Amino acid sequence: MQRTVTFAEHHGWHEAELHHALMQHGAANTTCSLRDCRLGSGHPAGIALPGFDDALPDAVLVRSVPAGSFEEVTFRLGILHALHAAGVYVCNPASIIERTIDKAMTSFLLLQHQIRTPDVWVCESKQCARAVIQAQLDNGIRLVQKPLFGNCGRGLKLIDMADCELDTDMINGVYYLQHYIDQPDHAGRDWRVFVIGHRAVAAMERVSAGWITNRARGGDCLSAVLTPELRQLAEQASRATGLHYGGVDIIRDMRGNYLVLEVNSVPAWRGLQSVQEISIAERLARTVLENLPSETPPSGAGSRRQQPADIS
């Protein structure tokens, strides 16, 4: 029987869904926190996970990386790096989480791959940020200030005046300024497309009376058809960032062009599941198990295949 681990802080709805789906596919699944893992001598490949005293799991699925000090987060990501190096299939690997949790790197990768995304400016100097704001406002362009590592719509601020007070509480010294995309009806409206194995599998439209559409901030989730435009753009963003699974946020501008706003490598999908018939957890569990080799290498063996398989 294949043994899997879901890394999460709590055994909530998502974890229960994944646990059931993995069990349905014949895998024994354990949920634990990265906080409870260790590196050191006397453990398989030098890695200690709760419940795995004699061997490492076949796969791990990352639902959350707990926040903490720079050292704590580095160590937790190091656990994922170590598992990957020891031959465990990691979904998503630390390298992908690192590049997508950082909005600046995500924007850079999207631009490098010529994927449509709002213009963005990132700097550490407040003077530089002010100069960018003034130049863009002079051209009639408003901006959105975002925390580099923010999620769930926290810390977003619309910059529509030159003397607008910049939020310094959540940015930790880095100013991430993104072109604000106005909507044809001037309401909050965008799409979350869920990708697994570089294939778009489901989508929802998020609608809000304000400009922030996140479900955690009061946005409504509506069923959406995966149009060719949404599918293509989400899959391009997935390949550009290397996602094994994740959520791609897409918005449409006044000219009808679709643009990628963000890419999330540790996404929630409860809102999406509420408006979709397919089981997101089942698709995800199936893809994780399909990526495992037929034979388990010994502890400490070289890395297994880490590129996600495309699924239909």
Side-chain angles (χ1 to χ4, degrees), residues 1-12 14-66 75-98 194-199 201 238 242-246 265-267 269 279-312:
M1 175 180 288
Q2 293 160 329
R3 302 174 71 197
T4 63
V5 170
T6 301
F7 283 129
E9 284 302 277
H10 309 287
H11 193 79
H14 292 87
E15 292 70 37
E17 289 281 297
L18 284 171
H19 182 81
H20 177 72
L22 288 163
M23 293 288 287
Q24 288 290 101
H25 281 279
N29 182 65
T30 300
T31 298
C32 69
S33 170
L34 279 166
R35 299 175 191 267
D36 299 324
C37 302
R38 306 187 305 279
L39 297 178
S41 303
H43 304 293
I47 309 168
L49 276 61
F52 290 84
D53 297 329
D54 302 320
L56 294 175
D58 297 289
V60 300
L61 200 152
V62 184
R63 268 285 302 135
S64 66
V65 177
F75 176 67
R76 292 160 191 165
L77 290 170
I79 295 288
L80 300 180
H81 280 298
L83 287 165
H84 174 97
V88 176
Y89 178 75
V90 182
C91 181
N92 280 301
S95 58
I96 291 173
I97 294 173
E98 288 166 348
F194 208 90
V195 292
I196 302 175
H198 300 321
R199 299 291 296 273
V201 299
S238 171
L243 282 182
H244 289 204
Y245 85 101
S265 59
V266 281
W269 65 85
S279 170
I280 302 296
E282 191 280 329
R283 289 286 186 101
L284 186 51
R286 172 155 53 96
T287 301
V288 167
L289 297 176
E290 285 175 350
N291 272 272
L292 301 183
S294 57
E295 294 184 3
T296 302
S299 297
S303 180
R304 302 175 187 176
R305 179 164 59 106
Q306 286 288 304
Q307 288 299 316
D310 285 351
I311 64 170
S312 302

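Throughout, numbering of the chain's residues begins at 1 and tracks the sequence. All values reported here derive from a predicted model rather than from experimental measurement.
With contacts defined as side-chain heavy-atom distances shorter than 4.5 Å, the pair Ile47/Cys37 does not qualify. Taking the side chain as every heavy atom from C-beta outward, Leu83 and Leu56 approach each other to under 4.5 Å. Using a 4.5 Å cut-off on side-chain heavy atoms (C-beta onward), Leu39 and Phe75 make contact. Contact annotation: the side chain of Phe7 approaches that of Leu49 to within less than 4.5 Å [non-hydrogen atoms, C-beta and beyond]. No side-chain heavy atom of Gln24 sits less than 4.5 Å from a side-chain heavy atom of Glu282. Contact check for Cys91 versus Asn291: no side-chain heavy atoms found under the 4.5 Å cut-off.
Using modelled atom types, no side-chain atom of Asp58 and backbone atom of Thr4 make a donor-acceptor pair closer than 3.5 Å. Of the possible donor and acceptor atoms, none in the side chain of Arg286 sits under 3.5 Å from a partner among the backbone N and O of Leu22. At least one donor-acceptor pair under 3.5 Å links the side chain of Asn92 to the backbone N or O of His244.
In terms of heavy-atom proximity, Gln2 sits nearest to Leu292 at NE2-CD1, 3.7 Å. Shortest non-hydrogen contact noted between Pro267 and Gly246 is CG-CA, 3.7 Å. The heavy-atom pair separating Ile196 from Arg283 by the smallest distance is CD1-CB, 3.7 Å. Nearest heavy-atom pair, Ile96 versus Gly242, reported as atom, atom and distance to 0.1 Å: CD1-O, 2.6 Å. The two residues Pro66 and Arg76 come nearest to each other via the heavy atoms O-NH1, 3.0 Å.
To the nearest 0.5 angstrom, Ser279 atom OG is 9.0 Å from Leu18 atom CG. With rounding to the nearest 0.5 Å, the separation of CD in Glu9 from CD in Glu15 is 9.5 Å. Note that CZ of Arg3 is 4.5 Å distant from CZ of Phe52, once rounded to the nearest 0.5 Å. Between atom OG1 of residue Thr287 and atom CZ of residue Arg199 there is a gap of 10.5 Å, rounded to the nearest 0.5 Å. Considering CD1 of Ile97 and NE2 of His81, their distance stands at 9.0 Å, rounded to 0.5 Å. From Met23, atom CE reaches atom CE of Met1 across 6.5 Å, with rounding to the nearest 0.5 Å.
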*Check the pair Leu284, Val201 against side chain to side chain contact (heavy atoms under 4.5 Å, CB included), reporting the backbone distance first and the verdict last.*
CA-CA 10 Å; Leu284 186 51; Val201 299; over 6 Å; no
*asked:* Could you walk me through whether Val266 and Ser64 satisfy the side chain to side chain contact (heavy atoms under 4.5 Å, CB included) test, starting with their C-alpha distance in whole Å, then the side-chain angles of each, then the deciding distance to 0.1 Å, before giving a yes or no?
replied: CA-CA 6 Å; Val266 281; Ser64 66; 5.8 Å; no
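Between Thr6 and the choices Thr30, Asn29, Thr31, the side chain to side chain donor-acceptor pair (under 3.5 Å) rule is met once, by Asn29.
Within the structure, the salt bridge (Lys or Arg N to Asp or Glu O under 4.0 Å) test picks out no pair touching residues 20-29 (sequence neighbours left out).
Below 30°, between 30° and 60°, or above 60°: for Phe194 and Tyr245 the angle between ring planes is between 30° and 60°, a tilted geometry.
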